[in-house]
Amino acid sequence: MNKRRIKNECDNHNRALSAVRHRGFFSVERFLNFSAGNLLINGGSVQDRIFVIKKEIVRTKSTSREPVIVFSNNSFLQDGLIELVNIGDIGRLFVCSQDYKFYDFFRNMQPNLISDYFSMLAQEKGYRDTSELHDYIGAFLNTLKSQADINLSSIKAFLQNSDADIANAARSNGNDADCEIILASGRGGVNFRRLVSMVGNAFETLTVDNCSTGFNINSITDKNCVLYINTNTCGYEFLGLYFLQELKQCIGKSFTLVFDDCLLLNNNELMSFLNVLKQRGNVKVLLSTENIMSLPSEKKLSDFSGEIVFLNGTAPAHDIQAVLSDMGEYSHFEVTSSSGTPPKLFFSFLRTENRGITPYSRAKVLLEEEYGNAAVLRGHRGAEILVVKKLVF
């Protein structure tokens with residue numbers, strides 16, 4: 001068979017199965033307009049990722065009245081969102097950061113979630129037995145709610161009392177069982193006070209003492225707004241577990257959730273819960289990171305309907321290829337040649353070239369094939385992917 005004809009047939013087969021839709025210039029805006037659902041932004045520079053996040057938030061707010069909740073450790077994104085508000089592109093914006101400390105921690109959080117939070121935190125810190133701590137917190141919160149609204153400030157203030165005084169308050173409310181638990185859980189009380197002190201220090205970048213604004217994620221899930229929370233803190237493990245509890249309380253509500261390369265994502269429990277949210281139709285997740293392969297979850301690449309993969313970042317090539325390989329594999333056809341004796345000759349020094357087709361399994365998207373392209377759009381049989389060497393404005 002003619003070598004050119006064989007090669008053409010192989011090329012047609014490979015194009016059909018490798019999911020190539022477009023090579024060349026392709027704008028991010030155009031991609032976002034037809035890519036609905038959960039979105040992954042991986043690689044590139046901080047400026048690249050912020051550009052895409054801002055474009056997607058503007059697009060989301062132009063089509064929906066549901067809130068957008070942004071977690072980021074990047075002040076440049078905060079400044080960019082403020083600029084978008086000033087030109088009227090995203091409506092109302094609430095900022096919680098070192099400059100705007102008004103986050104009301106634990107306000108309106110279910111007591112069982114608060115108890116679970118401190119129990120998980122204790123396990124993270126190496127406490128061996130958290131059952132006594134959990135029982136103490138349950139009795140403590142049950143007593144506190146009869147005295148004041150529960151939030152971080154009231155918890156800290158009520159803990160200034162001795163266990164005997166707290167137990168007397170429980171007894172005066174008719175809660176003899178809580179009184180007994182508090183008196184019998186001395187170690188639980190000591191550990192709880194120690195953990196609350198740690199939490200107060202970790203949260204001080206977002207709140208102040210005696211904060212009573214009533215403002216947190218739970219309070220804005222029915223508002224048409226954007227909430228930006230700066231997660232740049234040395235106590236990111238405290239924040240990660242805390243926001244996990246807040247998001248659990250928002251199950252059933254509709255919103256868009258943005259995580260911008262923040263250290264919160266190093267928390268396994270939070271990453272696992274994000275995978276749950278990604279599968280729910282009422283929550284859209286946008287995950288932006290320098291290198292998603294550095295995150296802990298085994299399912300970190302799952303359930304994204306759109307992916308933008310930058311090739312010009314600092315992530316190792318094998319990590320970028322791991323992201324691209326998530327598109328799957330196909331049977332790739334390659335033209336092969338071999339030499340042999342001409343037909344009908346028993347022996348000859350002459351040689352003739354025999355051509356054939358050799359199939360082998362390979363990734364649908366190979367980094368070395370796409371690195372030279374400014375942009376290449378890929379699609380069917382899975383997520384839409386925009387592989388970008390540089391942004392096209």
Side-chain angles (χ1 to χ4, degrees), residues 32 38-41 45-107 152 202-208 211 213-236 238-247 249-250 253-267 270 273-274 277 283-290:
L32 294 175
N38 302 315
L39 177 66
L40 168 66
I41 306 169
S45 65
V46 171
Q47 290 75 17
D48 286 341
R49 296 193 297 273
I50 288 179
F51 174 83
V52 180
I53 292 171
K54 288 163 55 180
K55 288 291 182 183
E56 178 61 5
I57 291 177
V58 170
R59 193 191 69 82
T60 298
K61 294 310 300 176
S62 68
T63 59
S64 171
R65 295 180 58 82
E66 297 169 357
V68 176
I69 302 166
V70 183
F71 295 99
S72 173
N73 55 343
N74 194 326
S75 59
F76 291 114
L77 179 55
Q78 173 181 311
D79 296 339
L81 293 176
I82 292 174
E83 290 176 3
L84 292 177
V85 170
N86 291 336
I87 61 178
D89 277 359
I90 60 173
R92 286 191 298 171
L93 170 69
F94 298 100
V95 174
C96 294
S97 67
Q98 188 77 40
D99 301 320
Y100 307 95
K101 298 182 180 183
F102 59 88
Y103 201 92
D104 202 347
F105 287 95
F106 299 111
R107 172 80 66 173
L152 179 58
F203 291 176
E204 66 181 4
T205 57
L206 296 175
T207 193
V208 294
C211 179
T213 62
F215 187 88
N216 52 33
I217 289 176
N218 193 52
S219 70
I220 63 98
T221 48
D222 60 346
K223 292 180 173 59
N224 180 12
C225 66
V226 176
L227 168 60
Y228 170 88
I229 301 173
N230 191 295
T231 58
N232 188 17
T233 173
C234 58
Y236 65 88
F238 293 86
L239 279 177
L241 285 174
Y242 174 80
F243 287 123
L244 167 63
Q245 301 306 93
E246 277 225 55
L247 291 172
Q249 201 162 263
C250 296
K253 298 181 179 180
S254 298
F255 53 91
T256 294
L257 193 58
V258 179
F259 277 87
D260 172 37
D261 208 27
C262 52
L263 291 172
L264 303 188
L265 295 176
N266 287 320
N267 183 282
L270 180 57
F273 189 69
L274 281 187
L277 290 179
V283 177
K284 182 172 73 173
V285 176
L286 188 163
L287 177 56
S288 170
T289 178
E290 181 180 31

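Note that the coordinates shown come from a computational prediction; the quantities given were computed from them, not determined experimentally.
Once rounded to the nearest 0.5 Å, the distance linking CG of Asn230 with CG of Leu239 reads 10.0 Å.
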Assess whether side-chain contact (heavy atoms from CB on, under 4.5 Å) is satisfied between Ile229 and Ile217, documenting all intermediate values. CA-CA 10 Å; Ile229 301 173; Ile217 289 176; 4.2 Å; yes
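Under the rule for a side chain to side chain contact (heavy atoms under 4.5 Å, CB included), the partners of Phe76 that lie at least two apart in sequence or sit in another chain are Ile50, Asn74. Here Lys55 pairs with Glu29 under the salt bridge (Lys or Arg N to Asp or Glu O under 4.0 Å) rule; sequence neighbours left out. In this structure Asn86 satisfies the side chain to side chain contact (heavy atoms under 4.5 Å, CB included) test together with Ile82, sequence neighbours excluded. Residues satisfying the ring-ring contact (aromatic ring centres under 6.0 Å, His included) criterion with Phe238, sequence neighbours excluded, are absent altogether. Taking Thr60 as the reference, Glu56, Val68, Thr256, Lys284 meet the side chain to side chain contact (heavy atoms under 4.5 Å, CB included) condition, with sequence neighbours excluded. Under the side chain to side chain contact (heavy atoms under 4.5 Å, CB included) criterion, Glu66 pairs with Ser64, Ser254, not counting sequence neighbours.
Remark: the backbone N or O of Gln249 is not paired with any side-chain donor or acceptor of Lys253 at under 3.5 angstrom. The backbone N or O of Val58 lies less than 3.5 Å from no partner atom in the side chain of Asp89, so there is not a single donor-acceptor pair.
Under the ring-ring contact (aromatic ring centres under 6.0 Å, His included) rule, Phe94 has a single partner from Tyr103, Tyr228, Phe215, which is Phe215.
Under the 30°/60° scheme for interplanar angles, the aromatic rings of Phe105 and Phe203 are found to lie parallel.
The number of heavy atoms from other shown groups lying within 6.0 Å of CZ (Arg65) does not exceed 12.
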